[in-house]
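Note sheet for the following structure.
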Amino acid sequence: MLDARELQKDAAEREPKSPGEGFMTPADSSGAKDADLEDRIRNLLDRMSLQEKLGQLQMAPGSFTSGDHNPAMLDLARRGLIGSVLNVRGARNTNELISASLESRLKIPILLGFDVIHGYRTLFPIPLACAATWDLTAVERSTAIAAAEARSAGVQWTFAPMVDLARDPRWGRVQEGAGEDTFLGGEMAKAQVRGFQGTDYSRNDKIMACAKHFAAYGAAEAGLDYNAVDMSERRLREIYLPPFKAAADAGAGSFMTAYMDLNGVPATANSWLLQTVLREEWQFDGMVVSDFLSVSDLITHGLAANLSEAGRYALNAGVDVEMASTSYGQFGAALLAAGQVSIETINERVSNVLRAKFRLGLFNRPFPFADEQWENQTLLKAEFRQAAREMAAQSFVLLKNDRRTLPINLAKIRALTLIGSLADDTMPDLWKGDSKAEDTVTILQGIRDKLSAVRSPSAPLVFRYEKGCEPGCPSDRDFPAALDAARTADFVILVVGELANASGEAASLTDLNLSGRQLDLVKAVADLGVPYAVVLRNGRPLTIEWLAENAPAILVTWHPGTMGGAAVADVLFGDVNPSGKLPITFPRNVGQIPLYYAHKNPPKPAPPFTSHYLDSVKTPLYPFGFGLSYTTFSIEELRLSASRIRVGESVTVSVEVRNIGQREGQEVVQLYIHDLVARITQPIRQLKAFQKISLTAGEVRRIEFVLGSEELAYLDPEFRMTVEPGAFDVYVGNSSDATLTVRLFVHPPASSHSHG
């Protein structure tokens with residue numbers, strides 16, 4: 001087997017012998033001027049045959065499980081008939097495939113993509129959990145670590161971040177995004193792109209990001225994955241498109257199309273999305289890839305009669321790379337000959353692919369092969385595991401903590417019982433990267449490790465673990481053993497929630513209650529009268545009204561990744577103070593869904609004709625932005641630098657934050673606005689800014705936000721971002737239910753005159 005240095009030497013020997021013979025010259029692609037880059041692309045296009053061009057537009061799948069390629073893939077690479085692959089990973093596998101591509105006539109390197117969603121080997125919490133940190137620096141760091149690990153294993157391209165807004169937790173893929181809010185989603189998208197790509201994604205510790213699924217995939221009817229979406233252009237532009245625009249503005253190198261039908265046209269064939277919005281309005285010059293088989297799925301949609309038609313629709317709409325299906329390679333030449341696709345369209349698609357490869361540094365010489373030794377040194381580094389542990393702890397959301405049930409004071413208990421099969425579960429979610437179950441620290445292991453570190457021979461503690469029931473809790477067969485262990489304990493930790501595969505792609509639900517007999521188990525423990533806390537493992541909001549009313553403490557820990565169990569122990573025993581805030585509303589029941597804070601104000605004709613449910617209150621169980629701490633913060637003295645400004649001016653909003661508790665903690669201070677009167681009705685609140693700050697006990701700090709045109713503007717009837725004169729209510733607090741408010745008046749510009 002050749003190592004990286006031998007591969008580089010071998011590749012160099014295959015290079016064109018004189019500058020006039022080739023197009024690949026040693027250069028840092030990130031430093032090349034745009035004009036130089038476009039010249040290189042045109043030079044290469046002129047040398048390519050039609051079949052080589054179509055080959056660049058095809059992406060073939062390797063083994064998702066093992067990361068291996070196959071002989072057919074190697075053959076296509078040597079013939080220059082394949083431009084990219086997915087799932088192939090590991091320095092040895094990727095080097096073999098790239099070496100094959102460098103044997104092709106034009107020596108165009110193959111592009112290697114893989115789903116690095118929330119980590120590669122070191123798994124961070126699911127993206128929804130990362131959003132719960134409200135910490136953009138930490139999010140950027142987590143994706144930077146994922147990029148470093150992936151690139152060391154030969155992966156150059158990830159299919160993340162998923163920036164689909166989701167307001168229906170029945171949809172399983174809510175776990176992959178940043179929740180319900182447009183602004184928070186956009187900020188998280190930018191942070192993830194920065195982490196994956198940095199300022200130069202040709203570096204050996206960066207990979208190309210891919211904003212997905214373009215667009216409105218998270219609005220699937222009834223929360224049913226892949227289901228159709230039908231919504232107004234206004235709703236698309238106000239709510240669902242801005243996080244994608246944020247990703248594009250952050251420099252995301254690629255976009256992925258969505259599976260579903262959007263207003264009658266599947267997203268993978270939607271030229272309004274892919275051309276009008278993405279290319280023309282946003283001036284995006286990166287690469288667009290279909291989702292897995294979403295080109296051939298145009299047949300399933302009923303748009304295309306056959307694979308040839310599917311390819312024609314996708315090519316003409318703006319899909320550069322066809323993932324998994326093969327319509328471009330099979331029928332591209334015939335479509336061109338029949339005049340159904342132009343050579344200009346094909347050249348544009350190929351140019352977008354080549355541009356991405358240049359920016360990734362794949363044409364640099366000698367070729368930057370992965371190195372197996374470096375891969376082994378990079379994966380699962382101690383500092384990466386520590387970062388994952390810290391990120392997980394930051395993501396946990398304390399929903400309830402009556403009578404300071406948490407943190408657990410080990411000095412006051414002699415017997416501790418842990419109950420729940422999820423406490424000893426190592427099953428990762430579908431998008432586990434290349435993580436290994438054996439690397440996962442379970443909650444059981446995390447607690448055992450913590451207890452072994454703090455136990456004192458003079459004050460022994462009895463620790464027992466019982467699963468209570470099998471995963472999913474189908475029966476109460478194992479309840480007696482769990483209740484016996486709980487009965488003898490001074491404190492019980494109950495771990496309940498979802499298995500990792502109960503949320504994610506193709507994991508929609510109609511029932512968001514705790515599955516099986518889990519709630520019965522909690523109630524049985526509660527009836528014993530022993531102090532207890534509930535640890536929730538979940539990939540989406542669950543309907544936990546009984547827990548909210550009865551459990552002394554509830555800690556949401558999501559699916560927390562490789563170091564999740566250690567992080568849970570850190571928080572339960574008080575080494576870390578929880579600081580997470582909900583990035584998505586927790587409903588009381590599925591009948592309230594979709595439920596989100598940024599809704600419009602319904603009319604109130606006259607009692608009893610008001611907007612309400614007959615069988616439930618309409619308020620959420622826990623609102624967006626909510627989360628408790630082991631300390632207490634006060635937020636007061638809200639001030640504006642000016643109560644009246646003119647259109648085009650800005651105002652500084654300041655507030656005093658005080659830690660009035662007994663220990664250091666972090667608070668997320670959130671600013672919302674309400675435009676009281678506008679030509680297009682506005683939501684009752686919209687998040688416009690936030691800051692996560694750390695305060696020691698007794699510390700006071702005044703923090704500032706700036707509201708300007710960007711924050712005060714709305715999409716007017718002509719679809720222009722406009723600031724109109726009028727009154728705005730400004731709210732500041734620690735959730736979307738903030739009550740501290742002040743009114744801001746915006747007047748016309750000095751040169752304008754008001755009209756009656």
Side-chain angles (χ1 to χ4, degrees), residues 125 128-135 179 184 390-409 491 493-497 531-538 541-542 544-558 560 567-588 597 619-636 655 657-670 687 690-699 731-740:
L128 186 64
C130 290
T133 68
W134 292 59
D135 187 331
L184 181 62
E390 293 170 1
M391 188 71 170
Q394 272 207 72
S395 75
F396 299 161
V397 182
L398 185 63
L399 294 181
K400 187 178 181 183
N401 196 26
D402 285 355
R403 300 180 299 279
R404 300 187 184 277
T405 300
L406 295 176
I408 301 168
N409 187 344
F491 196 96
I493 302 167
L494 272 160
V495 182
V496 295
Y532 72 98
V534 172
V535 173
L536 205 62
R537 284 278 307 274
N538 53 309
L542 299 177
I544 52 170
E545 198 161 17
W546 189 92
L547 295 182
E549 292 173 355
N550 297 280
I554 306 170
L555 181 69
V556 172
T557 65
W558 316 102
V568 170
D570 288 340
V571 172
L572 287 178
F573 297 109
D575 295 324
V576 174
N577 191 348
S579 61
K581 302 285 186 179
L582 294 179
I584 188 168
T585 301
F586 269 49
R588 297 175 183 274
Y597 85 90
T619 56
L621 188 61
Y622 295 105
F624 173 85
F626 177 80
L628 302 174
S629 168
Y630 291 156
T631 190
T632 304
F633 297 93
S634 68
I635 301 175
E636 52 196 12
V655 69
V657 186
R658 183 187 302 267
N659 183 345
I660 58 176
Q662 302 301 310
R663 62 175 293 170
E664 183 177 4
Q666 291 181 299
E667 181 62 293
V668 180
V669 186
Q670 305 160 38
L687 179 69
F690 61 88
Q691 290 186 38
K692 188 167 190 175
I693 62 172
S694 180
L695 297 177
T696 58
E699 185 179 357
Y731 299 87
V732 179
N734 55 12
S735 81
S736 56
D737 279 351
T739 57
L740 191 62

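The basis for the numbers below is simple: all heavy atoms, side chains too, and nothing from hydrogens, waters or symmetry mates. Throughout, residue positions are numbered sequentially from 1 according to the sequence presented.
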What is the distance from atom [atom1] of [X] to atom [atom2] of [Y], rounded to the nearest 0.5 Å?
{"X": "Glu664", "Y": "Leu695", "atom1": "CD", "atom2": "CG", "value": "8.5 Å"}
{"X": "Leu628", "Y": "Asn401", "atom1": "CG", "atom2": "CG", "value": "7.0 Å"}
{"X": "Phe624", "Y": "Asp737", "atom1": "CZ", "atom2": "CG", "value": "11.5 Å"}
{"X": "Phe573", "Y": "Ile493", "atom1": "CZ", "atom2": "CD1", "value": "4.5 Å"}
{"X": "Gln394", "Y": "Asp570", "atom1": "CD", "atom2": "CG", "value": "12.0 Å"}
{"X": "Tyr597", "Y": "Ser735", "atom1": "OH", "atom2": "OG", "value": "11.0 Å"}

Indicate yes or no: at least one non-hydrogen side-chain atom of [X] is less than 4.5 angstrom from one of [Y].
{"X": "Pro560", "Y": "Ser395", "answer": "no"}
{"X": "Asn659", "Y": "Thr696", "answer": "no"}
{"X": "Phe690", "Y": "Leu184", "answer": "yes"}
{"X": "Tyr622", "Y": "Val556", "answer": "no"}
{"X": "Ser629", "Y": "Gln666", "answer": "no"}

Just by modelled atom types, is the [Y] backbone N or O under 3.5 Å from a matching donor or acceptor in the [X] side chain?
{"X": "Lys400", "Y": "Ala551", "value": "yes"}
{"X": "Thr631", "Y": "Arg663", "value": "yes"}
{"X": "Trp134", "Y": "Lys581", "value": "yes"}
{"X": "Tyr630", "Y": "Gly661", "value": "no"}
{"X": "Arg588", "Y": "Glu545", "value": "no"}
{"X": "Thr557", "Y": "Leu536", "value": "yes"}

Non-hydrogen atoms of [X] and [Y] that approach each other most closely:
{"X": "Ser736", "Y": "Pro623", "value": "OG-CB, 3.7 Å"}
{"X": "Pro583", "Y": "Ala132", "value": "CD-CB, 3.8 Å"}
{"X": "Val571", "Y": "Ala393", "value": "CG2-CB, 4.1 Å"}
{"X": "Pro552", "Y": "Thr405", "value": "CB-OG1, 3.5 Å"}
{"X": "Ala548", "Y": "Leu621", "value": "CB-CD1, 3.6 Å"}
{"X": "Gly497", "Y": "Leu542", "value": "CA-CD1, 4.3 Å"}

Is there a side-chain contact (heavy atoms from CB on, under 4.5 Å) between Asn538 and Phe586? Walk through the geometry before answering.
CA-CA 12 Å; Asn538 53 309; Phe586 269 49; 3.9 Å; yes
Answer yes or no: are there more than 12 heavy-atom neighbours, outside Glu699 itself, under 6.0 Å from its atom CD?
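Result for CD/Glu699: enclosed.
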Before giving the answer on side-chain contact (heavy atoms from CB on, under 4.5 Å), spell out for Val668 and Asn734 the whole-Å C-alpha distance, their side-chain angles and the decisive distance to 0.1 Å.
CA-CA 6 Å; Val668 180; Asn734 55 12; over 6 Å; no
Show the numbers, then the answer: is there a side-chain contact (heavy atoms from CB on, under 4.5 Å) between Ile544 and Leu399?
CA-CA 11 Å; Ile544 52 170; Leu399 294 181; 4.1 Å; yes
